[in-house]
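Got a structure for you, written out below as structure tokens; questions coming shortly.
Quick note: residue numbers are just sequence positions, from 1. Remember, it's a predicted structure, so these values are computed and weren't measured experimentally.
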Amino acid sequence: MSFSGKVREELAANTASARHCQLAELAAFAGMCGTVVVNRFDSYSIKFHSENFLVARKVFTLIEKTFNIKADISIRRNIRRQSVSYAVIVRRHEDALRILQATKMIGENTSAAGDIRPFSPLVIQHTCCRRAFLRGVYQAAGSMSDPRKSYHFEIVCASVQAAEQIRDVICGFGLDAKIVKRKKSFVVYLKEGSQIVDILNVMEAHVSLMELENVRILKEMRNSVNRKVNCETANINKTVSAAVKQVEDITYLRDTVGLDHLPDNLVEAALARLENPDATLKELGESLDPPVGKSGINHRLRKLSEMAEKVRQEQGGLL
């Protein structure tokens, strides 16, 4: 099962004990995957449609727990696409009206179909209800990428109004959700790993949160090790390049003007470098008698390089 599927499975198993939170989650399902049908006799019915069995089961459970209503379940198989779709249907007008009024999709005394609204702020006044609401919209239309590959959380909405409402609820928890248009849909998304951890915490998907945190820790450790290795490799390359240049300069001095006229300390450093071309400055200084510190040997080698460069310039002038 994908990580996104694990999150949905965990959320589907989380049913709030408070009725107002159950209504908030059911309102989310109604707004995201529900359709209100009004027939020619002005009778209501509600159909919740999903290709995910967990979503259908959660909607059925919420309707039963909250209203003690037995909804019908329809299963349709598409052989060509090799897919299955589920529909939870509330057929009786009285039952549909109770649900619509309780979720504030219509007013208490409203009967006109044009007055139906997808999300009402009245059902998400409490923080716990907003958490339940986000659980519902994620189960209905949300997804997440595999955190081992990338960090991405999104909820796909049919209208910009729904997307803006969901974004505002998410941002109310201190997160920075954004909206992007994708074909005919509007997508509310989060991209940073820390923010996705926070949204999982908001939705109370604590098992998935811990799994994501473990992945983040491993990735950060791996990145830290890679940075250290790259830094050490760069330092080694720098040291090797410097040593090669020092050997070249000393060899040039020896072959052109000789080393006999140089001060004893420079001759000592030059011979030590020629005998130990791979040694670090510290190792090179310790090989002298008496030993010389890192800065001391570096000063001597730099002096030799300056002398070699001066001889090169003089030789070039003669040519």
Side-chain angles (χ1 to χ4, degrees), residues 2-4 144-154 175-176 178 180 189-198 200 209-319:
S2 67
F3 184 77
S4 183
M144 286 183 61
S145 61
D146 185 342
R148 290 171 295 183
K149 299 177 181 177
S150 63
Y151 299 123
H152 184 78
F153 170 98
E154 70 175 36
L175 302 176
D176 187 24
K178 301 250 188 324
V180 64
Y189 70 93
L190 296 168
K191 294 291 288 184
E192 294 181 12
S194 59
Q195 298 223 2
I196 295 175
V197 167
D198 289 340
L200 289 175
L209 184 154
M210 292 304 297
E211 183 176 344
L212 175 57
E213 282 286 49
N214 288 337
V215 171
R216 289 183 70 210
I217 290 170
L218 288 173
K219 287 177 73 172
E220 288 175 6
M221 287 178 61
R222 191 178 298 115
N223 291 338
S224 177
V225 169
N226 287 339
R227 282 194 297 270
K228 288 180 179 178
V229 169
N230 292 338
C231 183
E232 289 175 1
T233 301
N235 288 336
I236 291 171
N237 291 337
K238 184 178 178 182
T239 300
V240 171
S241 298
V244 169
K245 178 68 167 57
Q246 291 160 5
V247 170
E248 289 178 354
D249 290 340
I250 294 168
T251 302
Y252 180 77
L253 282 174
R254 184 194 64 191
D255 296 344
T256 53
V257 298
L259 302 178
D260 297 338
H261 70 286
L262 298 179
D264 292 342
N265 62 338
L266 295 185
V267 173
E268 185 182 27
L271 295 175
R273 174 50 84 193
L274 291 175
E275 292 172 3
N276 304 279
D278 299 328
T280 64
L281 291 176
K282 183 180 179 182
E283 293 169 346
L284 208 60
E286 291 174 348
S287 69
L288 301 182
D289 186 21
V292 178
K294 184 177 176 181
S295 60
I297 191 69
N298 185 52
H299 174 75
R300 296 184 188 184
L301 292 171
R302 188 167 64 248
K303 188 70 176 175
L304 287 166
S305 293
E306 291 172 356
M307 294 175 68
E309 187 60 32
K310 185 177 179 181
V311 172
R312 287 191 184 96
Q313 292 176 359
E314 291 174 352
Q315 293 288 339
L318 293 173
L319 293 173

Requested in this report: Mind checking side-chain hydrogen bond (donor to acceptor under 3.5 Å, both in side chains) for E192 and listing every partner two or more places apart, or none if nothing turns up?
Outcome: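 In terms of side-chain hydrogen bond (donor to acceptor under 3.5 Å, both in side chains), with neighbours along the sequence ignored, E192 is linked to no residue.
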Query - All side-chain hydrogen bond (donor to acceptor under 3.5 Å, both in side chains) counterparts of N276, not counting sequence neighbours - result: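 Not a single residue meets the side-chain hydrogen bond (donor to acceptor under 3.5 Å, both in side chains) criterion with N276.
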**Report entry** Salt-bridge criterion met for E248 and K245 (N-O under 4.0 Å)
**Finding:** no
Would you give me the side-chain donor-acceptor pairs under 3.5 Å for residues 277-287, sequence neighbours excluded?
unit_1	atom_1	unit_2	atom_2	d
T280	OG1	E283	N	3.2
E283	OE1	T280	N	3.0
S287	OG	L284	O	2.6

**Report entry** For K219, side-chain hydrogen bond (donor to acceptor under 3.5 Å, both in side chains) partners two or more places apart
**Finding:** none
Query raised in the report: Taking atom CG of N226 as the centre, does the number of heavy atoms from other residues, nucleotides or ligands within less than 6.0 Å exceed 12?
Result: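 Yes, because the 6.0 Å sphere around CG of N226 holds more than 12 heavy atoms from other groups.
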Query raised in the report: Step by step, would you call R216 with L212 a side-chain contact (heavy atoms from CB on, under 4.5 Å)?
Result: CA-CA 6 Å; R216 289 183 70 210; L212 175 57; 4.3 Å; yes
Query - Heavy-atom check, side chain of F153 versus side chain of L200, under 4.5 Å - result: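 They are not in side-chain contact.
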Query - Listed partners of R254 passing side chain to side chain contact (heavy atoms under 4.5 Å, CB included), at least two apart - result: T251, L259, L274
Query raised in the report: Can you list the residues that meet the side chain to side chain contact (heavy atoms under 4.5 Å, CB included) rule with S241, with sequence neighbours excluded?
Result: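 Per chain and number, S241 pairs via side chain to side chain contact (heavy atoms under 4.5 Å, CB included) with no residue.
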**Report entry** Inter-residue atom distance I297.CD1 - L288.CG, 0.5 Å rounding
**Finding:**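 CG of L288 is found 4.5 Å from CD1 of I297.
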**Report entry** D198: partners by salt bridge (charged side-chain N to carboxylate O under 4.0 Å, His left out), with sequence neighbours left out
**Finding:** none
Report summary line: Distance col, row L301:CG vs L266:CG, nearest 0.5 angstrom, shows 9.0 Å
Report task. Would you name the heavy atoms of V197 and L209 that are closest together and state the gap between them? Result -> O-CD1, 3.4 Å
**Report entry** Partner set under side chain to side chain contact (heavy atoms under 4.5 Å, CB included) for V229, not counting sequence neighbours
**Finding:** V225, T233
Please tabulate, for side-chain N and O atoms in residues 145-152, each donor-acceptor pair with protein atoms closer than 3.5 Å (sequence neighbours left out).
unit_1	atom_1	unit_2	atom_2	d
S145	OG	S150	O	2.9
S145	OG	S150	OG	3.3
S145	OG	H152	N	3.1
D146	OD1	R148	N	3.0
D146	OD1	R148	NE	3.2
D146	OD2	R148	NE	3.4
D146	OD2	R148	NH2	3.0
H152	ND1	K191	NZ	3.4
H152	NE2	E154	OE1	2.8

**Report entry** Residue pairs, two or more places apart or on separate chains, that pass salt bridge (charged side-chain N to carboxylate O under 4.0 Å, His left out) and touch residues 288-308
**Finding:**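 Passing the test, one end in residues 288-308: E268-R300.
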Requested in this report: For the pair Q195 (side chain) and D176 (backbone), establish whether a donor and an acceptor sit closer than 3.5 Å, ignoring hydrogens and angles.
Outcome: yes
**Report entry** Residue pair L304, D249: steps toward the side-chain contact (heavy atoms from CB on, under 4.5 Å) verdict
**Finding:** CA-CA 7 Å; L304 287 166; D249 290 340; 5.8 Å; no
Query - Rounded distance (nearest 0.5 Å) linking atom CD1 of I196 with atom CZ of F3 - result: 8.5 Å
